[in-house]
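Here is the structure we will look at, set down as structure tokens.
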Amino acid sequence: MNLPPNRRILLIDDMQAIHEDFRKVLAPPVAESDELSAVELALFGDAAQPTAEVFSLESAYQGQEGLAKVQASLQAQRPYAMAFVDMRMPPGWDGVQTIEQLWKADPRLQVVICTAYADTSWTEVLSRLDVRDRLLILKKPFDAIEVFQLASSLTAKWQMAQDAAEQLTRLEEAVRERTGELSAANDALQLEVGERKHLQGQLVQSEKLASIGQLAAGVAHEINNPIGYIFSNFGTLEGYLAQLFQMLDAYEAAEGSAAQPEVTTRLRKLRAEIELDFLKEDIPVLMRESQQGIVRVRQIVQDLKDFSRVDSTQEWEWANLHQGIDSTLNIVASEVKYKAEVVKEYGEIPDIECLASQINQVVMNLVVNAAHAMGDERGRITVRTGTAGEEVWLEVADNGAGIPPDTLKRIFEPFFTTKPVGKGTGLGLSLSYGIVQKHQGRIDVESTLGQGTAFRVTLPIRRPLQQDAVLATGI
Ligand SMILES: Nc1ncnc2c1ncn2[C@@H]1O[C@H](COP(=O)(O)OP(=O)(O)OP(=O)(O)O)[C@@H](O)[C@H]1O
Ligand SMILES: [Mg+2]
């Protein structure tokens, strides 16, 4: 939007007659316009008649007075578009001095310098003023049309410069606004890209775990059968061995009464050679150890099955998470108590619908892992709980060794362990991951090397609809 054109003109001249002449040309009283034509004709000769286009003309008689008017007009936000300035105005400033001061106050002011003297050194004038494009020269005697045209075109020029400056400001504002919008959009985009990368990473991780889960389920199934009959055969074998030992005892007792003494000697020699007494002691030990081994293998197979969720015979129930955590902490107390003190920071949480004993298993894995992460000094394990919207969370945080980034990527893989043989199978976390997935929850980990690790399990309060049910109801 352009402002109404500025037609305000200041005339600075020490001669009253000049002011009157200018007023007739630039600001004639409307009623006098006919009279004006006659006067103009007398004054300026047969110049073309100015039209009724009227300027607002103000007068000053000395340079200082002119400057004061310019300053006042600026203050009132009604600046002059142009000024006519006389060259000689004793006793005050001359025209050049005046113009210098005017431009200091308002650099936009268009100026016409008026002179009657041919001896004026224009080179000197121009070198004293930083002229550029705002100064024109008008020589006396004045021509009405010259004065009028100068006024018309310089006020129009002022207005155009003003409009251009305003447009530029608006443009700059628009650019600034647009830049702001763009940079906000860019920030949002960056955030989304980061979020997507994160989700993609999670997806890759869960797909990897799902395929490992299938493999594990297959392996578990294959191992399950042979383990089953080895285990039951062991029971039978134990019985048979007891009977064989009974038989051997009987033979041993009858050794002395053999009909032929050389038979007795041979039997005794054989017994010594095979160290029968030692065998009788060692065989039950070996049997027991093997049986324990098989029990352990069966447990691993069961864990694998749980991880891959092949058979879930458990019941869903509403359970109190704090009770579950407390009883689990009791069970693992012997493993934990020399390694760390356990601090409970329980929040207010409602009962949740879950497979309670499996959730306990998750807690156990996390707490035992935390205890294993401790060094020589006794550390601290903090168990926290809380609610967030429709979910509850439990956190097991330790101030142990922490997990290096490379390891962190793999901790949920089955059989991934950094522990020595016999100390860890690497199934604890993968199993926990499977259980939490089954509850449609999340398990997150944050770890700082040398400072500790925190695992956070987030679970829905209510058991979510099963996939099939979701499909069936079309939700
Ligand atoms: N709190 C922890 N602090 C440091 N490292 C941990 C922590 N929890 C898990 N880890 C790392 O993750 C690995 C995998 O843990 P996971 O519980 O699956 O197996 P494990 O403890 O090695 O064996 P298992 O639990 O089967 O006895 C661990 O070997 C260990 O390197
Ligand atoms: Mg573990």
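All of these numbers come straight from a predicted model, not from anything done at the bench. Order of appearance sets the numbers: ligands from 1, and atoms from 1 within every ligand.
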N, O or S of Thr417 under 2.8 Å from the Mg ion (ligand 2):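 Given the 2.8 Å cut-off, Thr417 does not count as a ligand of the Mg ion (ligand 2).
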Considering heavy atoms of the protein only, find what lies nearest to [atom] and give residue, atom and distance to 0.1 Å.
atom: atom 14 (C) of ligand 1; result: Phe416 O, 3.3 Å
atom: atom 16 (P) of ligand 1; result: Leu429 N, 3.6 Å
atom: atom 17 (O) of ligand 1; result: Asn369 ND2, 2.8 Å
atom: atom 21 (O) of ligand 1; result: Lys419 NZ, 2.6 Å

Does [X] pair with [Y] as a salt bridge, N-O distance under 4.0 Å?
X: Arg170; Y: Glu173; value: no
X: Arg456; Y: Glu446; value: no
X: Glu341; Y: Arg378; value: no
X: Arg384; Y: Glu395; value: yes
X: Arg462; Y: Glu391; value: no

Phe231 six-ring face occupied by Arg298 cation (under 6.0 Å, within 45°): yes
Face-on cation placement of Arg410 at Phe416 ring, 6.0 Å and 45° thresholds: no
Heteroatom distance test ([X], ligand 1): nitrogen or oxygen, under 3.5 angstrom:
X: Thr407; answer: no
X: Thr425; answer: yes
X: Ser430; answer: no
X: Gly426; answer: yes
X: Gly424; answer: no
X: Ala373; answer: no

Side chain, backbone, both or neither: Phe412 near ligand 1, heavy atoms under 4.0 Å: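 It is neither; nothing of Phe412 touches ligand 1.
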More than 12 heavy atoms from other groups under 6.0 Å of CD on Glu273: yes
Which ligand 1 atoms, with their elements, are less than 4.0 angstrom from a heavy-atom of [X]?
X: Gly428; result: 16 (P), 17 (O), 18 (O), 24 (P), 25 (O), 26 (O)
X: Ile411; result: 11 (C), 12 (O), 14 (C), 18 (O)
X: Thr417; result: 20 (P), 22 (O), 29 (O)
X: Phe455; result: 1 (N), 8 (N)

Phe412 and Phe455 aromatic ring geometry - parallel, tilted or perpendicular at 30°/60° bounds: perpendicular
Thr418, Asn365, Asp398: member with heavy atom nearest to atom 29 (O) of ligand 1: Thr418
Options Ile403, Val367, Leu431, ranked by nearest heavy atom to atom 7 (C) of ligand 1, top entry: Ile403
Sub-4.5 Å side-chain heavy-atom contact between Thr458 and Val392: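 No - every pair of side-chain heavy atoms lies 4.5 Å or more apart.
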Residue pair Val383 / Val343, side-chain heavy-atom distance below 4.5 Å: no
